[in-house]
Every structure is written in structure tokens, then in C-alpha cells.
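Just so it is clear: chains get the letters A, B, ... in the order the sequence lines come, proteins before strands, and each one is counted from 1. Hydrogens, waters and symmetry mates play no part in the numbers below; they use all other heavy atoms, side chains included. Quick caveat: nothing in here was measured; it's all calculated off a predicted structure.
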Amino acid sequence: MSASGSSKCERIVRVLSSHYGKIPWWPGDTDEVLIGAVLTQQTRWENVEQALLALKERNMCTLSALHGAEPVNIEDAIRCTGFYRVKTKRLKELAQHITEQYGGIQGMNPRPTQELRRGLLGVYGIGAETADSILCYGFNRTSFVIDAYTRRICICLGIVAKGEELKDLFEHVLPEDNSAYRQTHAHIVEYAKEFCGKNRCEECILKNSGE
DNA sequence: GACCAGGTCCTTG
DNA sequence: CAAGGACATGGT
């Protein structure tokens, strides 16, 4: 009889938290988080940072600036993140959605999380991970981010839930506290970079710590 | 030169 | 519904 998905999730949260403690993750104002969330799709964060700098140098690192910018100028700034044409289109769509629906980022603050999430998921190029990253790191909401690392680790540990089910599992286990959501996702990424994909799976702390 | 990166969308079987 | 391809640059 193997442990249930939720007790395995609970253990992931607990073990990683005691191992890594508090770590800084995804700093920046709301505009930067929104833009970074799109740019980091299938892309290393170091490349995203360069693109954010390039956007800042051009005074284009805000959603309203991107809303009015020429696509070619956005493309030039974000080329180093790859997929630069589709990402430019996605940023434009996101800026348009927020401007039209809420009159800007400020207008989103009073709205409930689920309403914001539905709206974001309706935008071309914004899927579950990007939407939840925006909500969790940009608007301090309790919306848990499921990324490729999280899926990989959960499969590795025999957790069968996937997609929205996996998100629900973690959200039932976590306290209703944004910093817990941030930290747990940060821990998972940190852990995955350290142990997954480098043939170090067998020494990983989740498999070897007790039980 | 091959392979992958903090996804998403579209097309096929 | 699962699987495969497209989107593109930069690092290992």
C-alpha cells in the first residue's frame, strides 16, 4: 500500500522546506513578473534577465509600454529568449487583455483570483503555468504553479495526479499563504536542477529521506 | 553537432 | 485523449 498523493505532496513540501529554507525567487514588480512569465516559457531564466534589461534600456519594461510598442522593437529586445515572434505576439495579447478588461494592472488587484485566472487562460499563449506564475508571483495569490519539474518529480515519486489535479493536490496540502506557495515552487525548481536530469536521481533527498 | 531549456497551440491517430 | 511538430536562441 503506497502513500496517497496528498501525503506524498505534503512530504515534498516539508522535506524541501527544511532542506532549502528561505530562498529568493522571482523578484521584481508586477510588470516585470508578467513579462518574465511569458519570456521564460521553455527558456532559461538567465536569458530572460538579459531581455528584461534590454527592455528597461528602451523604457519598454511595462505592460502599457508594450501595449503601444512596435512589434519589431519588442522582438529586438527579447530575441535572446528564443521564440521571439510568438512571444511578442503573446505579450501584445496579454497587454491588450489587461488594458481592455481592467484598464491596466491596477485594475486587477481587487478582482478575485479565479476570475483573473479564467481571464488569463483566455489569452492566446497564456497557459496554466504562465497564468499561475503571474497570479502567484505578480499578484501574491495562492495559485500553485505546476511546471515540467514538478511533473517530473511527482511522476518519479509515483504520484498519479496530473494537470489541474496535481495543482489541487498541492493546494490542499499548502497553507493559505502566498509565501508558502512561492517558496514551495522555488524549492521544487531548485531541487530539480540539482537532482533531476543529471543521473543523480538515485541520490536525491526526496527518495532517501526516511519512510 | 546534438540536445535541452521554469510552455503553448495546433494537428493527427 | 496521447503524441508529435512548430516556434528560435543560447548554453553544455
(request) Name the nucleic acid region contacted by A:Glu129, choosing base, sugar-phosphate or nothing; use a 4.0 angstrom heavy-atom cut-off, strictly under. (result) sugar-phosphate
(message) Tell me whether the side-chain N/O atoms of A:Tyr84 come closer than 4.0 Å to OP1 or OP2 in C:dA8.
(response) no
(request) Could you tell me whether A:Ala128 contacts a base, only the sugar-phosphate backbone, or nothing, with contacts defined as non-hydrogen atoms closer than 4.0 Å? (result) sugar-phosphate
(request) Figure out the CG/P separation between A:Asn47 and C:dC7, and round it to whole Å. (result) 20 Å
(message) Classify A:Phe83 by what it touches in the nucleic acid, base, sugar-phosphate, or nothing, heavy-atom distance under 4.0 Å.
(response) base
(message) Work out how far the P atom of B:dC10 is from that of C:dA8, and round it to whole angstrom.
(response) 15 Å
(request) To the nearest Å, give me how far apart CD (A:Glu46) and P (C:dT12) are. (result) 9 Å
(message) Assess the residue pair A:His185 and A:Tyr137 against the criterion (side chain to side chain donor-acceptor pair (under 3.5 Å)); give the C-alpha distance rounded to whole Å, side-chain angles, the decisive distance to 0.1 Å, and a yes or no.
(response) CA-CA 10 Å; A:His185 177 241; A:Tyr137 293 99; 3.1 Å; yes
(message) Does B:dG7 have OP1 or OP2 under 4.0 Å away from a side-chain N or O of A:Gln42?
(response) yes
(request) Go through residues 167-176 of chain A and report each residue with a non-hydrogen atom lying under 4.0 Å from DNA chain B, sorted by number. (result) none
(request) Taking the side chain as every heavy atom from C-beta outward, state whether A:Thr113 and A:Leu116 have any pair of such atoms under 4.5 Å apart. (result) no
(request) Spell out, as yes or no, whether a donor-acceptor pair under 3.5 Å connects the side chain of A:Ser7 to the backbone of A:Ser4. (result) yes
(request) Using a cut-off of strictly less than 4.0 Å, decide whether A:Arg152 has a side-chain nitrogen or oxygen near OP1 or OP2 of B:dC4. (result) no
(request) Output yes when at least one side-chain N/O atom of A:Arg44 is less than 4.0 Å from OP1 or OP2 of B:dC4, else no. (result) no
(message) Both A:Gln50 and A:Arg90 contact DNA chain C. Which one's nearest nucleotide lies toward the 5' end?
(response) A:Arg90
(message) On the nucleotide C:dA8, are OP1 or OP2 found under 4.0 Å from the side-chain N or O atoms that A:Thr81 carries?
(response) no
(message) Between C:dG4 and B:dC3, how far apart are the two P atoms, rounded to whole Å?
(response) 15 Å
(message) On a heavy-atom basis, which atom in A:Thr88 and which in A:Glu75 lie closest, and how many Å separate them?
(response) OG1-CG, 3.3 Å
(message) Given the ring of A:Tyr124, does A:Lys89 sit roughly above its face, with NZ or CZ under 6.0 Å from the centre of the six-membered ring and within 45° of the axis?
(response) yes
(request) Please determine if A:Arg111 forms a cation-pi arrangement with A:Tyr102, meaning its NZ or CZ atom is less than 6.0 Å from the six-membered ring centre and no more than 45° off the ring axis. (result) no
(message) Distance check, P atoms only: B:dT8 and C:dG10, in whole angstrom units.
(response) 22 Å
(message) Looking at A:Ile23, is its backbone amide N or carbonyl O close enough to the side chain of A:Gln183 to form a donor-acceptor pair, meaning the two atoms are under 3.5 Å apart?
(response) yes
(request) Check the geometry between A:Trp25 and B:dG6 and answer yes if their rings are stacked (centres below 5.5 Å, planes below 30°), otherwise no. (result) yes
